[in-house]
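Heads up, the thing below is written out as structure tokens.
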Amino acid sequence: MPESQAFWLMTTGLQVVDCFGRAPRARARFDEGGWLALTGEASADLNMGCVLDGPAAAALLDNYVAEIDGLPTILLLENPSHELLERATRAGAAHAGEVPTMVWQGTAVERRPGDLELDVRPASSDLEVDAAIALVSEAFSLDLDMCRRVIGPMRDSPIATIWLGDKGGEVVGAGLTLATGEIVGVYCMATPERRQRQGIGRAVLGGLMTHHLTRGGGTTRFLLGATEAGLHLYEQMHYEVVATPAAL
């Protein structure tokens, strides 16, 4: 995977701008040195942006902070200098750590003895879409109507697929993929707390990856931003860190 950190961060931006930009209150843009995808909802999980290294980084950071205007947002900085972090702090942003960007490359997903068997499939009806959205709402402690406003319109995106994991007729896990060329982004992996540590997250992720790898779309790589809770799972499934942007 010889591509640069900037390549992976901009690929994330292409995907997120497309889908967050469909929300009814959205303001989204893709620039030469970064991107901004604001749904307008009052949750940092649903507003994102990124500023890449370069001579325009400081000006673009100022521009994005002004456009964000206090809206809760996760703003990624590729490899920020001390001066750029200080500039962000003066603008009211707080350095919250790093968000590892991870990539998987291969032809088949490894299965282990004892892995949970789930029916992992694209949501194909309004009821199934809403069931997946409800799990995202519960797993991330987000308002349900807010999630419906943001995730619901993604169903109309040509790059998006909403996934659900079914166990005996009950939807127990969900996820979202955004496919651009041979790279599929994985987002909103949702397993409610009451269902965690049962192998559901691994089963849903492995199932949706297998679907993409085998349905003839030319998929060869998967891309995601890892949370602290999900990092160990992704490492177990052989995702590798390709970028470590700072998060504000």
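We're numbering straight along the sequence, starting at 1. Just so it is clear, the structure is predicted and the values come from calculations on it, not from any experiment.
The side-chain contact (heavy atoms from CB on, under 4.5 Å) test with Pro100 singles out one residue from Thr227, Leu224, Val241, and that residue is Val241.
Looking at heavy atoms from C-beta onward, Met146 lies in side-chain contact with Ser43 at the 4.5 angstrom threshold. When side chains are defined from C-beta on, Asp18 counts as touching Arg22, because their heavy atoms get closer than 4.5 Å. Considering only heavy atoms from C-beta on, Tyr234 stays 4.5 Å or farther from Arg202 through its side chain. A 4.5 Å side-chain heavy-atom check between Leu77 and Leu84 finds at least one atom pair inside the cut-off. Using a 4.5 Å heavy-atom threshold, the side chains of Pro192 and Leu135 count as touching. Between Leu142 and Glu41 there is no side-chain heavy-atom pair separated by less than 4.5 Å. The side-chain heavy atoms of Tyr239 and Leu205, taken from C-beta on, include a pair separated by under 4.5 Å. A heavy-atom distance below 4.5 Å is not found between the side chains of Ser137 and Asp143.
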Does the pair Tyr187 and Thr12 meet the rule for a side-chain contact (heavy atoms from CB on, under 4.5 Å), with working shown?
CA-CA 10 Å; Tyr187 302 88; Thr12 299; 3.7 Å; yes

Step by step, work out the salt bridge (charged side-chain N to carboxylate O under 4.0 Å, His left out) result for Arg155 and Glu128.
CA-CA 11 Å; Arg155 191 178 181 189; Glu128 287 191 339; over 6 Å; no

Please assess Leu9 against Leu52 for the test side-chain contact (heavy atoms from CB on, under 4.5 Å), listing each intermediate value before the final yes or no.
CA-CA 8 Å; Leu9 294 173; Leu52 301 182; 4.1 Å; yes

Check the pair Met102, Phe222 against side-chain contact (heavy atoms from CB on, under 4.5 Å), reporting the backbone distance first and the verdict last.
CA-CA 8 Å; Met102 306 184 78; Phe222 293 85; over 6 Å; no

Take Gln15 and Trp35, measure what side-chain contact (heavy atoms from CB on, under 4.5 Å) needs, and give me the verdict at the end.
CA-CA 11 Å; Gln15 296 172 349; Trp35 49 270; over 6 Å; no

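A chain of hydrophobic side-chain contacts below 4.5 Å, direct or via other Ile, Leu, Val, Met, Phe, Trp or Tyr residues, connects Leu116 to Met209. One hydrophobic cluster, built from ILVMFWY side chains closer than 4.5 Å, cannot hold both Val184 and Met10; they sit in different ones. Cluster annotation: Phe7 and Val103 are assigned to the same hydrophobic cluster (Ile/Leu/Val/Met/Phe/Trp/Tyr, side-chain heavy-atom contacts under 4.5 Å, transitive). Val17 and Leu38 are members of different hydrophobic clusters when ILVMFWY side chains are connected at heavy-atom separations under 4.5 Å.
Taking the charged nitrogens against the carboxylate oxygens, Lys167 and Glu117 have no contact shorter than 4.0 Å, which rules out a salt bridge.
Using a 3.5 Å distance cut-off with no hydrogens or angles, the side chains of Arg27 and Asn47 do not pair a donor with an acceptor. Side chain to side chain, Thr89 and His95 fail the donor-acceptor criterion of an N or O pair below 3.5 Å. Under 3.5 Å, the side chains of Glu182 and Thr220 contain a donor-acceptor pair of N or O atoms.
In this structure, CH2 in Trp8 is found 6.0 Å from CG in Leu223, a value given to the nearest 0.5 Å.
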